[in-house]
Amino acid sequence: MRISAGILVFIITISCFSCSEEKKEKEIKIHDFKSVDLEVIYEDSVSIRTLEILNDGSVAFAGSDGKYGLYDPKTNQWSTKIIKGDTVNPSFRATAHTATDFFMLSIGNPALLYKTENNGMQLVYAEESEAVFYDAMTFWNNEEGIAMGDPTADCLSILITRDGGKTWQKTPCDQLPKVKEGEAAFAASNTNITTVGEKTWIMTGGKCSRVHYSPDKGATWEVYDTPILQGTATQGGYSIAFYDENNGFAIGGDYTQPEANTSNKMRTTDGGKNWQIVSENADPGYKSCVQYVPNSGGNELITMGFTGINYSSDQGEHWQQLSTEGFFTFRFLNDSTAYAAGNGRIAKLTFSDSLIE
């Protein structure tokens with residue numbers, strides 16, 4: 001695929017790597033969110049299912065039709081650009097970053113993984129296959145990162161870098177758990193992979209929805225069954241989050257039946273080995289992204305999808321809807337502010353303990 005000249009240069013100055021790595025918390029706060037204020041900061045004819053909040057508070061995204069960009073909240077300015085292909089522009093649904101670089105990975109054939117360089121965006125990995133489809137990526141630290149995708153053989157597609165993203169290697173299937181029939185993943189929000197320290201969890205979905213787990217930054221793997229809704233290609237877990245090494249939460253359902261709320265939310269307290277369905281037959285139904293509220297002691301969660309925004313203060317047992325505005329994905333800036341992306345827009349969200357009149 002030919003890359004156009006004059007690609008936008010991202011100059012990302014980040015003091016330390018922390019946006020995709022859990023921050024150390026000074027104190028646990030008790031929130032009681034009752035409302036959320038939405039400020040749309042970007043609108044365009046682009047579908048955005050992944051974004052990154054950098055240490056300086058800027059926001060980087062990559063979306064459909066090859067479009068990507070960087071927002072500076074200090075100046076309220078956007079810089080955007082398009083990577084063009086010979087026939088079809090790549091569509092991006094996975095992003096990640098280190099202290100010095102931003103990465104974006106396309107879906108479909110060929111899979112294209114780009115890394116920022118001083119002279120623009122550089123293609124650092126490409127893979128051609130009729131079955132190739134990468135879903136999510138993240139970094140454990142400044143040098144080591146992982147991307148995951150649907151199977152092209154009898155295992156998940158796992159890419160690993162150990163040199164800051166300069167080169168990526170695909171893990172052979174003989175080093176990974178075998179997938180079951182119809183087991184894949186959803187490129188819905190770049191959140192079906194999550195890490196805490198050296199530990200990694202990947203949520204699959206489809207006819208079989210399981211958690212693939214590595215305790216050692218992708219060196220070895222095991223897999224755990226889950227009770228979440230599964231059995232058809234559109235069902236399963238869409239998003240997974242861990243507050244610490246033990247406490248995690250996953251959500252999903254069936255995007256073709258978004259109001260259905262049976263067996264679509266589950267929690268673990270033992271690092272993902274065992275999962276329990278929570279909030280059974282209660283809203284919310286299908287959601288594409290879930291995140292723990294920072295500094296909440298693992299008690300509070302926000303989840304989003306195209307049907308709106310919901311909040312739980314008791315580890316997912318009960319939920320209240322804060323907004324009917326739809327988004328695909330979001331990331332917290334702090335414990336009351338987040339950025340969310342969806343179909344044609346990015347918004348700054350401010351969560352409040354007070355009702356908005």
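Numbers here simply count residues along the sequence, with the first being 1. Note that the structure is a prediction, hence the values are computed from the model and not measured.
One side chain, N299 or Q315, offers a donor N or O that lies under 3.5 Å from an acceptor on the other. Side-chain contact check for S214 and T200: no donor-acceptor pair (N or O, by modelled atom type) lies under 3.5 Å. A donor-acceptor contact closer than 3.5 angstrom links the side chains of T337 and N334. No donor-acceptor contact under 3.5 angstrom links the side chains of W221 and T171, judged on distance only. Using modelled atom types and a 3.5 Å distance limit, the side chains of Y224 and N274 yield no donor-acceptor pair. In summary, the side chains of S35 and D37 do not present any donor paired with an acceptor at a separation below 3.5 Å, with no hydrogens or angles considered. A donor-acceptor contact closer than 3.5 angstrom links the side chains of R331 and T329. Side chain to side chain, S91 and S106 fail the donor-acceptor criterion of an N or O pair below 3.5 Å. If you check the side chains of D335 and H31, you find a donor sitting under 3.5 Å from an acceptor. Looking only at atom types and distance, the side chain of S312 has a donor-acceptor partner in the side chain of D314 under 3.5 Å away. Residues N281 and T262 have side chains that bring a donor and an acceptor to within less than 3.5 angstrom of each other.
Between F332 and F330, a ring centre-to-centre spacing shorter than 6.0 Å is recorded. Ring centers of F306 and Y286: under 6.0 Å apart, within the cut-off. Taking the six-membered ring wherever Trp is involved, the centroid distance between the rings of Y311 and W319 does not fall below 6.0 Å.
For the pair D150 and L156, the minimum side-chain heavy-atom distance is 4.5 Å or more. Counting only heavy atoms from C-beta outward, the side chains of E198 and P215 never approach each other to under 4.5 Å. In this structure the side chain of N141 reaches within 4.5 angstrom of the side chain of K217, judged on heavy atoms. Considering only heavy atoms from C-beta on, V40 comes within 4.5 Å of E43 through its side chain. Inter-residue side-chain proximity for C208 and E181 is flagged as unmet; no heavy-atom pair is nearer than 4.5 Å. Considering only heavy atoms from C-beta on, D225 comes within 4.5 Å of K180 through its side chain. Side-chain contact between E52 and F61 is absent, with no heavy-atom pair separated by less than 4.5 Å. You'll find the side chain of E128 reaches within 4.5 Å of the side chain of N109, heavy atoms only.
Pairing each heavy atom of L70 with each of S58, the nearest pair is CD1-OG, 4.1 Å. When all heavy atoms are compared, the tightest approach of G197 to W140 is O-CD1, 3.5 Å. Heavy atoms only, all atoms of each residue included: A282 and N261 are closest at O-CB, 3.2 Å. V124 and K166 make their closest contact through CB-O, 3.7 Å (heavy atoms, listed as atom of the first residue, atom of the second, distance).
Rounding to the nearest 0.5 Å places OG of S313 at 9.5 Å from NE2 of H318. Between the CD1 atom of I251 and the OG1 atom of T303 there is a distance of 3.5 Å, given to the nearest 0.5 Å. The line from OG1 of T268 to CG of N246 is 8.0 Å long, rounded to the nearest 0.5 Å. Distance check: L113 CG to L105 CG gives 4.5 Å after rounding to the nearest 0.5 Å. One finds the CG atom of D101 at 9.5 Å from the CD atom of Q122 (value rounded to the nearest 0.5 Å). The OG1 atom of T138 sits 8.5 Å away from atom NE2 of H97, with the distance rounded to the nearest 0.5 Å.
Here R345 pairs with E325 in a salt bridge; the nearest charged N to carboxylate O distance falls below 4.0 Å. Contact check on E144 versus R162 returns a salt bridge, with a Lys/Arg side-chain nitrogen under 4.0 Å from an Asp/Glu carboxylate oxygen. Between D44 and K67 there is a salt bridge, since at least one side-chain N of the basic residue sits less than 4.0 Å from a carboxylate O of the acidic one. Ion pairing between a basic and an acidic side chain is recognised when a charged N comes within 4.0 Å of a carboxylate O; E183 and K207 show no such pairing. Contact check on E127 versus K170 returns a salt bridge, with a Lys/Arg side-chain nitrogen under 4.0 Å from an Asp/Glu carboxylate oxygen.
Looking at D72, its side chain never comes within 3.5 Å of a backbone N or O of N76 through a donor-acceptor pair. Between the side chain of N247 and the backbone N or O of T269, no donor-acceptor pair lies under 3.5 Å. Remark: the backbone N or O of G145 is not paired with any side-chain donor or acceptor of T161 at under 3.5 angstrom. Remark: side-chain polar atoms of S209 are not paired, donor with acceptor, to backbone N or O of G206 under 3.5 angstrom. Checked by atom type and distance alone, the side chain of K74 pairs as donor or acceptor with a backbone atom of D56 at under 3.5 Å. S239 places a side-chain N or O within donor-acceptor distance of the main-chain N or O of V290, the cut-off being under 3.5 Å. Q77 places no side-chain N or O within 3.5 Å of a backbone atom of P73 that could act as its donor or acceptor partner.
Relative orientation of the F139 and W168 rings is perpendicular, given thresholds of 30° and 60° on the angle between their planes. In this pair, Y213 and W201 present their aromatic rings tilted. The plane angle is within the 30 to 60° band.
Under the 4.5 Å side-chain heavy-atom criterion for ILVMFWY residues, a single connected hydrophobic cluster contains both Y71 and V46. Hydrophobic cluster membership differs between I228 and Y255, with clusters built from Ile, Leu, Val, Met, Phe, Trp and Tyr side chains linked at under 4.5 angstrom. When the side chains of ILVMFWY residues are joined at heavy-atom separations under 4.5 Å, either directly or via intervening members, I107 and Y134 end up in two distinct hydrophobic clusters. By the rule that hydrophobic residues join a cluster once side-chain heavy atoms approach within less than 4.5 Å of another member, F327 and F351 end up as members of one cluster. I160 and V223 are not part of a single hydrophobic cluster, where members link through side-chain heavy atoms under 4.5 Å apart.
Residue pairs that meet the salt bridge (charged side-chain N to carboxylate O under 4.0 Å, His left out) test with at least one member in residues 253-277, sequence neighbours left out, are R267-E317.
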